[in-house]
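Notes follow once the structure below has been shown.
Positions are given from 1 along the sequence. Just so you know, these numbers come straight off a predicted model, no measurement behind them.
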Amino acid sequence: MPNKNNKRRRNNNRPNPIPGAPSPHPPLKSRRLARKITTQFHKVTTLASRAQADGDLVLAERLGKEAEEMREGYQEASRLSTRFHSTSRWVLKVLSEMGWSSSSNSGVACGEGGG
């Protein structure tokens, strides 16, 4: 029987912290975790917008700070998700459902439509 103390330890592939490095944790590889991160970020930003609209500026500021702290992880998770599933088709579908068409709004930037 092998001795339990002789088991290999799992290498987490965590890089040594480097001063000025943008992220001290390993690269995100799980699509499931990426979905959880992006969903949580969207929930926090939606709640912050609602709080601000309702006039609860203290809550809106707190949630805004939380969203800023989450932004780097969100962007990494979003990059991982779009590597496997392009969102451009979905965006075009939603825009067309809203009445936007590339031929009729060729000179109008997103968000500047009259609607």
Side-chain angles (χ1 to χ4, degrees):
M1 286 254 192
N3 188 349
K4 289 184 181 181
N5 294 333
N6 290 337
K7 285 186 177 180
R8 291 179 131 183
R9 291 188 179 195
R10 187 175 186 190
N11 182 2
N12 290 333
N13 294 327
R14 293 189 179 174
N16 293 330
I18 300 171
S23 177
H25 26 263
L28 185 62
K29 294 180 182 178
S30 166
R31 292 192 304 177
R32 180 179 294 162
L33 181 58
R35 264 195 322 273
K36 287 181 181 180
I37 291 170
T38 55
T39 300
Q40 185 63 31
F41 180 81
H42 290 150
K43 284 181 182 178
V44 169
T45 55
T46 300
L47 289 173
S49 297
R50 285 183 187 164
Q52 188 168 10
D54 292 343
D56 191 350
L57 301 180
V58 175
L59 179 61
E61 185 177 339
R62 184 178 64 80
L63 290 170
K65 285 181 182 178
E66 186 177 339
E68 281 303 313
E69 292 170 0
M70 297 171 67
R71 190 167 307 277
E72 182 181 337
Y74 165 75
Q75 289 174 342
E76 184 179 349
S78 182
R79 280 191 295 270
L80 177 69
S81 295
T82 55
R83 232 183 283 152
F84 293 98
H85 176 72
S86 175
T87 57
S88 59
R89 281 183 161 172
W90 176 82
V91 169
L92 289 174
K93 177 184 171 191
V94 169
L95 288 173
S96 66
E97 288 172 356
M98 295 171 59
W100 181 86
S101 94
S102 60
S103 60
S104 64
N105 295 327
S106 59
V108 178
C110 285
E112 296 180 0

Under the 4.5 Å side-chain heavy-atom rule for ILVMFWY, direct or indirect, which residues accompany Tyr74? Phe41, Val44, Leu47, Leu59, Leu63, Met70
Closest non-hydrogen atom pair between Ala48 and Ala60, with its separation: O-CB, 3.8 Å
Say whether, by atom type as modelled, one donor and one acceptor occur between the side chain of Thr39 and the main chain of Lys36 under 3.5 angstrom. no
Tell me, yes or no, whether the heavy-atom count around Arg31 atom CZ, taken from other residues, nucleotides or ligands under 6.0 Å, exceeds 12. no
Restricting to non-hydrogen atoms, name the atom on Leu80 and the atom on Ala34 that form the minimum distance, rounded to 0.1 Å. CD2-CB, 3.8 Å
Per side-chain hydrogen bond (donor to acceptor under 3.5 Å, both in side chains), Arg71 is matched among Glu69, Gln75, Glu68 by Glu68
Quick one: side chain to side chain contact (heavy atoms under 4.5 Å, CB included) partners of Glu61, sequence neighbours excluded? Lys65
Identify the two heavy atoms, one from Thr38 and one from Ala77, that lie closest to each other, and give their separation to 0.1 Å. CG2-CB, 3.9 Å
Which value, rounded to the nearest 0.5 Å, describes the distance between Asp56 atom CG and Arg62 atom CZ? 9.0 Å
Pairwise distance CD(Glu76) to OG(Ser81) - rounded to 0.5 angstrom: 10.5 Å
